[in-house]
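Bear in mind the structure is a predicted one, so any value in this text is a computation, not a measurement. Lettering of chains follows the sequences in order, A, B, ..., and the numbering in each one begins at 1.
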12 protein chains.
Amino acid sequence: MTDHVYRITEIVGTSTESIDTAIRNAIGRATATLRNVDWFEVVSTRGEVADGNVVHFQVTLKVGFRLEE
Amino acid sequence: MTDHVYRITEIVGTSTESIDTAIRNAIGRATATLRNVDWFEVVSTRGEVADGNVVHFQVTLKVGFRLEE
Amino acid sequence: MTDHVYRITEIVGTSTESIDTAIRNAIGRATATLRNVDWFEVVSTRGEVADGNVVHFQVTLKVGFRLEE
Amino acid sequence: MTDHVYRITEIVGTSTESIDTAIRNAIGRATATLRNVDWFEVVSTRGEVADGNVVHFQVTLKVGFRLEE
Amino acid sequence: MTDHVYRITEIVGTSTESIDTAIRNAIGRATATLRNVDWFEVVSTRGEVADGNVVHFQVTLKVGFRLEE
Amino acid sequence: MTDHVYRITEIVGTSTESIDTAIRNAIGRATATLRNVDWFEVVSTRGEVADGNVVHFQVTLKVGFRLEE
Amino acid sequence: MTDHVYRITEIVGTSTESIDTAIRNAIGRATATLRNVDWFEVVSTRGEVADGNVVHFQVTLKVGFRLEE
Amino acid sequence: MTDHVYRITEIVGTSTESIDTAIRNAIGRATATLRNVDWFEVVSTRGEVADGNVVHFQVTLKVGFRLEE
Amino acid sequence: MTDHVYRITEIVGTSTESIDTAIRNAIGRATATLRNVDWFEVVSTRGEVADGNVVHFQVTLKVGFRLEE
Amino acid sequence: MTDHVYRITEIVGTSTESIDTAIRNAIGRATATLRNVDWFEVVSTRGEVADGNVVHFQVTLKVGFRLEE
Amino acid sequence: MTDHVYRITEIVGTSTESIDTAIRNAIGRATATLRNVDWFEVVSTRGEVADGNVVHFQVTLKVGFRLEE
Amino acid sequence: MTDHVYRITEIVGTSTESIDTAIRNAIGRATATLRNVDWFEVVSTRGEVADGNVVHFQVTLKVGFRLEE
C-alpha cells in the first residue's frame, strides 16, 4: 500500500442561486486545472446583499487533491 | 476615498424548507428595518426535529450594514 | 417543571443531491433508532469529488434527544 | 407554521455574589427593554479581583429574542 | 500498569435553580446507566428565559467513563 | 457596589492609512451615538487590495458600553 | 450509489509507550464492539506524569463507523 | 498616564462544593504569592466523579496581575 | 451577473518596522506574481526578539484573488 | 536585515507506520518541488481503519517556505 | 544538535499610542527579567475608551524564551 | 478531602528524533525545576526543516503541577 501525499488548496465559489451551486461552481473550476481532486470541506459561508436580497452566496472550501508520484 | 464604518448585527432566520430559505428569510427581515445591508456570514446552522422530521432549519447570521455619516 | 436530561450523539448524513438532503437523511436514520429526538446542529460539511463533480455531500451533525426518566 | 426571525444581542451581567446571579442580572436588565427574550448562551466568564478577593463576576451572554412580524 | 480505554458521551443537564445543579442532575442521570464514570468537562452553558426570568439552565457536558476489559 | 450591566456591539472601522486609525475611526463613530463606551476588543483584521496596494484596512471590533440603570 | 449514514463516537486510548500505541489501543478496543469502523480523528493528546516521567499518553479520538441499513 | 505591563498565569482551583468556590479558592491561593492581581478569566470547567456524584469541580483560570515598574 | 471563483493563498510578510508594513510587504510581494488580488485577512501576528528588542514583525495573511474564466 | 516574505501551503502526508513517518513523507514530497522549505505545523491528525487496525495515519500540515526576491 | 527546551509566558503590554508600541513595551519589560527571549505571538488586542477616544491599547502576547541547560 | 490548587505552565520540547521524545524532553526539563508535576496537554506540534528533512520536532505543552499548601 503506497503512502500518498495530498495537497489542500482554498477556493471560494459563488452563486446567485444557492449554497450547493456555489460549492459545485468552486469544484467545477478547481477540477478544470487540478488533477485527482478527491474531497472538499466547507470553511465558511458568506454572502452579498443588495436591495434587500441575497445577490451572491460565497462559500469558502478547502479542496484536497492527490499529488502524483 | 471615505473611511466608512459598519455595524454587525446577529440574527437567526428559520425555515421549514431549506437552509437557503432560512438565510433569505433572515435577510428579508433585517432589511425591512436596517438600511445599507451589505453582507452576511453564517455563524451556525441548527434545526428542530419532530416525529422524525426536520421541522425548522435555524441559521444564525452576522449581518453587516454601513452606518450613514 | 421537571429537570430533563438530554443526550447528544454525532452522526454523518450523506447525499448525492444536496446539503439539506444529507441532513434529512441523517435525521431520518437517527430517529429510526432513537426516541425523542429534538434538535440538531451542523458541525461540519464535507464532500467527495470524482471526475470533477461533487458525488457526495457529507454533513456531520450533533443530534440531541431527551432521555426518559 | 410561521418562519420566525430572532435577533441576538450580547450583554455582560455582573454580580458581587455568584456567576448565577450575574446571569440573572443580565437577563433582568435585557428583558426590561426587549420583548420576547427566549434564550441565552454564556460566551465567557471573567471577574475582577481586589485585595485577594473576587469583587465582581462578569458573565458575557448572547441573548436571543423573537422579532415581531 | 494496564492501558485503559475510556469512552466520552455528551449530555445536557437542566435545572431551574443553578448551573451547579444542572451539572449534578446530568451526572446523576448518566451514572444511573453507565458504570465507571470518572470525569466531566463543561462544553457550553445555555438557558431558557420566560417572563423576564431564567427558567432553565442547560449545561452541556462531555462525560468520560472507563470501558471494562 | 452596584452590579452594572454592559452591552457589546460589533462594528467595523476602516482606514486607508493603518490598523490603529481604523480602530480609532470605529471608536469615534460608536461614541457619537452610544454613551458610556468603556472598552473594545479586536475580532478580525481584513483589508481591500487594488493595483497591488492595500487600499483599506478593515478592523472588526466588539465594543462594550455600560447600560444606564 | 447509496446514501450511507455514519455515527461518530469519542474514545480515549492510553499507552505507557507512545502516542501511536495509544491510538492503536483505542481503535483495537472500539472495533471489538463496533462494526464497520472506517476512520478516526485525533481530538487532543494529554498525558500523566509521575516521578518526572511520562507514565501514560492519553489520546482522545473521534471514531467514525457506518450504520447498517 | 503610565503604560503598565501585566503578566497572566494559569491556575486550576478545585472545590467539593461549587464552581464559584473553586474560583475563589484559586484566587485566594494566587493572591497569597502574587501582588497586584487584578482580574481572571475562566478557561475551562471540569470535574471528577465518584460513586455517581461530583466530588470535585476543577476550574482553570487565567489570572492577570500588574508587574511593578 | 457572473459567478466568479476565487483562490486564497497564505503568505507571511515580515518587517523590522511595524505590523502595517509587514502586511504591505506581503501584499506587494503577492501582487508581483498574482493577478486580481482583491482582499486579505490577518491570520496571526508573531515576531522575533533579539537583545531585548522586536527585530521582526511576522504577519500571516490569507490573500484572495479572482481566478480568470 | 532584509524583510523576507514566505508562503504557506497545506499538505497531507500518509503512512501505514506512524504519525512521525507521515510527517516525514509529507515534508519529503513538499521539498521535492518547493525550495527553501523552513518549517511546518501540524493542523490535524486523522487515520483510516480497516479490519480493526489503523491502516493509514493521515497528518495535515501547514508548510512554510521563503519566496525568493 | 542539542534539543533545547523553551518556556512560554503570557504578558499584556499597554500603550496610549499604538498597537506596535504596546508590543514593544511588553517585550521591553519581559526582557528586563527574562534571558534568551526569542519570539512572541499576539493572542488578543483590546483597549480602553474614555471620552470617545482610545486611551490605551492592550496587547496580550505569548513570549517564548530558551531555558538554559 | 482537601481542595488543591494547581498551576499550569507552557513549555516547548524539541527533538531531532520524534514527537514522543520532544514531549519526554519537555517533561524531563520541567520536572528538574518544578515539584508535583501531574499532567500535560499538547497545544501544538511544529517543526523545523532543512535540506528537505525534519531537523527538529517542536511540541508545545501545557504542564500542570500541584501547588503546596
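When side chains are defined from C-beta on, G:Phe65 does not count as touching J:Val49, because their heavy atoms never get closer than 4.5 Å. Contact of the G:Ile23 side chain with the J:Val54 side chain is registered, since non-hydrogen atoms from C-beta on lie closer than 4.5 Å. Considering only heavy atoms from C-beta on, J:Arg46 comes within 4.5 Å of G:Trp39 through its side chain.
Across all non-hydrogen atoms, the minimal contact from G:Asp20 to J:Ser18 is OD2-CB, 2.9 Å.
For a residue to count as touching a neighbouring chain, one of its non-hydrogen atoms must lie under 4.5 Å from one of that chain's; by this rule G:Ile19 touches chain J with the side chain only. Using a 4.5 Å cut-off between heavy atoms, J:Glu17 contacts chain G through its backbone alone, with no side-chain atom that close.
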